[in-house]
Amino acid sequence: MSAEGDVRSIRIRELEQLRSLGHDPYAFEEYPTSHLPAEIHERFSELEGTVVSLPGRITSLREMGKASFADITRDGARIQVYIKKDDVGDPAWEIFKLVDIGDIVGVKGEVFKTRTGETSIHVRELAVLAKCFHALPLGKEKEGQRWYGLADVEERYRRRYLDLIANPTSRKLLIARSRIVQETRRYLDARGFLEVETPVLEHEVGGAAARPFITFHNALEIELKLRISLELHLKRLIVGGLDKVYEIGRVFRNEGISTRHNPEFTLLELYQAYAKMEDIQQLVEELVRHVAVEVFDSETITVDGRAVDFSKPWHRIDLLEAIERYAGVSPSAFDDLESAKAALERVGISSEDEDSVGGIIEKLLERFVEPELLEPTFVENYPLETSPLAKTHPANPRLTRRFEGYIGGREICNAFSELNDPIDQRTRMERQAEMLAAGNEEANPVDEDFLYALEIGMPPTGGLGIGMDRLAMILGGADSIRDVILFPTLRPLSPEE
RNA sequence: GAGCCGGUAGCUCAGGGGUAGAGCAACGGCCUUUUAAGCCGUGGGUCGUGGGUUCGAUCCCCACCCGGCUCACCA
């Protein structure tokens with residue numbers, strides 16, 4: 001018999017013993033919480049001697065014959081409880097003897113300090129509300145140092161509940177992610193943006209370069225695809241007169257998995273009619289500052305060990321100038337494909353698979369510029385070829401009024417003045433469709449209805465996309481996107497596991 | 001998809017051609033203010049899976065599975 005199977009059968013036996021004592025844990029539907037552990041610690045002087053009621057999980061047990069200390073963890077904080085046979089009486093003591101680490105219990109008793117000075121609850125009443133059938137991977141902790149815990153990353157992602165119980169840092173990070181999304185909403189709502197929901201299941205995808213997931217609707221007998229962006233639906237709403245809209249929604253891209261990519265992730269897109277690129281830049285600066293202050297209580301956040309002050313405006317740099325500065329390739333190299341490929345080879349990158357100047361520019365950006373952009377920076381004026389939905393730059397028809405924002409060398413947003421010329425848009429979509437036909441699975445087909453919407457007339461509009469997972473990674477200090485996603489995509493275990 | 005690294009007790013890890021160890025957790029005993037509680041004792045492992053080499057494999061070889069990192073991919 002394995003040790004773990006042993007624990008489980010022992011715990012189930014204890015459950016039966018509890019029931020035979022007339023105490024059925026699963027019969028409880030509630031247990032009052034008068035004060036949370038954090039509150040008891042904070043307000044000890046005022047609560048000393050008063051009776052509190054607290055349910056929570058047992059995370060440590062120190063038994064000493066006819067008395068015991070245990071820790072109850074609740075809401076991310078722990079408090080010690082002291083239980084003594086003479087104080088609770090024999091029946092309750094019998095129940096307590098069947099309590100294990102991991103069980104959910106409820107206690108009532110008065111607040112006091114032990115002689116070693118630890119704020120505790122002197123238990124007078126005890127109830128078991130749920131048994132834990134397994135040994136929990138709880139770490140031991142002293143003076144902020146941890147000895148053990150759940151370190152296996154695979155187990156942490158597959159069994160997030162154990163990770164949340166065992167690792168306070170995981171709990172804090174995932175709560176921070178939730179708060180970042182919440183404060184993003186609050187900021188946008190306060191500025192008059194309307195939150196909307198648009199379809200996840202689409203006939204054709206668009207708005208980004210990515211391969212979609214494909215599924216099937218039985219009743220309609222049609223293939224449907226999971227959206228890869230929110231863009232084309234939201235811009236239809238701008239056409240319809242909803243001047244400030246946003247959606248925070250899940251999008252799905254059928255591509256590789258890495259520390260920065262999960263097949264499904266949360267994207268914020270917003271569109272503001274009668275606003276231009278610079279207005280959106282200002283919005284990003286204010287939004288990130290708002291989130292930093294509200295979630296982390298500070299305008300300054302440490303990103304990769306470096307203090308970043310979000311009260312200051314972000315740096316602005318022209319994309320081609322940035323490439324000249326960091327890669328040493330002058331803008332004239334991008335006059336035609338041949339010289340662009342030659343320039344790429346010159347800096348030591350194969351140009352074999354490159355078929356557009358825009359693609360080469362973005363490759364150089366990624367390789368040489370992005371890692372340098374530690375301070376919050378907007379890179380401006382992206383190539384038209386790789387920006388099929390952005391307005392053409394008035395000074396250079398090969399560029400667009402598009403920018404991306406970087407912090408700590410990582411891209412966090414993509415934004416532009418939206419292309420609202422239906423004829424130009426049709427040309428660009430047709431070019432995409434040709435690429436799709438030629439075998440580029442990340443290109444999009446022509447969206448006739450979207451073009452019709454533009455023909456109705458879309459006001460000049462500024463748009464923005466922020467990967468919320470990436471934002472949470474950067475602000476929360478996570479190395480992997482999986483750390484800010486509750487249940488990241490993993491391969492399934494074999495059936496017997 | 002490629003390369004590298006990893007998978008040993010419930011957890012965290014060590015070990016290494018003669019079929020395995022520690023701490024925590026668990027179980028039994030002692031202990032009525034402990035806190036990495038302590039003391040005494042006990043149990044627990046198809047060493048990721050399947051083949052191969054060998055008298056003998058957890059260890060060496062091959063394949064596969066799962067994960068991590070890097071790269072590719074990701075306008």
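All values derive from a computational prediction rather than experimental measurement. Below, each value reflects all heavy atoms present in this structure, side chains not excepted, and no hydrogens, waters or symmetry copies. In the text below, chain A, chain B and the rest are named by the order of the sequence lines, each starting its count at 1.
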Any A:Arg115 side-chain nitrogen or oxygen under 4.0 Å from OP1 or OP2 of B:U34: yes
Need one value for A:Ala443: base, sugar-phosphate or nothing, where a base atom within 4.0 Å counts as base even if backbone is also close, heavy atoms only. nothing
Heavy atoms only, 4.0 Å cut-off, all strands: where does A:Glu366 land among base, sugar-phosphate and nothing? base
Nearest-Å distance once atom P is located in both B:G44 and B:A2: 43 Å
Taking ring pair (Phe, Tyr, Trp, His ring centres under 6.0 Å) as the test, write out the residues that go with A:Phe112, two or more places apart. A:His122
Any chance the side chains of A:Glu247 and A:His233 put a donor and an acceptor closer than 3.5 Å? no
Checking base pairs now: Watson-Crick or wobble, both atom distances under 3.5 Å. What partners B:A2? B:U70
Go through the N and O atoms of the side chain of A:Arg62 and the base of B:U34, and report whether any donor-acceptor pair is under 3.5 Å. yes
Any strand is fair game: report the nucleotide pairing with B:A36 by Watson-Crick or G-U wobble, both distances under 3.5 Å, or none. none
Which whole number of Å gives the distance between the C1' atom of B:G6 and that of B:C47? 14 Å
Every protein N/O within reach of nucleotides 3-5 of chain B N/O, cut-off under 3.5 Å:
none

A:Thr198 side chain to A:Arg236 side chain, donor-acceptor N/O pair below 3.5 angstrom: no
Taking only the side-chain heavy atoms of A:Arg253 (C-beta and beyond), determine which of B:G67, B:A75, B:A72 contains the nearest atom. B:A75
Set of ring pair (Phe, Tyr, Trp, His ring centres under 6.0 Å) partners for A:Phe69, sequence neighbours left out: A:Tyr82
Going by ring pair (Phe, Tyr, Trp, His ring centres under 6.0 Å), name the pairs with one or both residues in residues 379-437 of chain A, residues two or more places apart or in two chains. A:Phe378-A:Phe403
Phosphate-side-chain proximity, A:Arg482 and B:C69, N/O vs OP1/OP2 below 4.0 Å: yes
Positions of residues 69-97 of chain A (non-hydrogen atom under 4.0 Å from RNA chain B), listed by number: A:Phe69, A:Gln80, A:Tyr82, A:Lys84, A:Asp86
A:Arg260, nearest nucleotide to its side chain (from B:A26, B:C71, B:U34): B:C71
Set of residues satisfying ring pair (Phe, Tyr, Trp, His ring centres under 6.0 Å) with respect to A:Phe96, sequence neighbours excluded: A:Trp93
Determine the contact category for A:Ala210: base if any of its heavy atoms lies under 4.0 Å from a base atom, sugar-phosphate if only primed atoms, P, OP1 or OP2 are that close, otherwise nothing. nothing
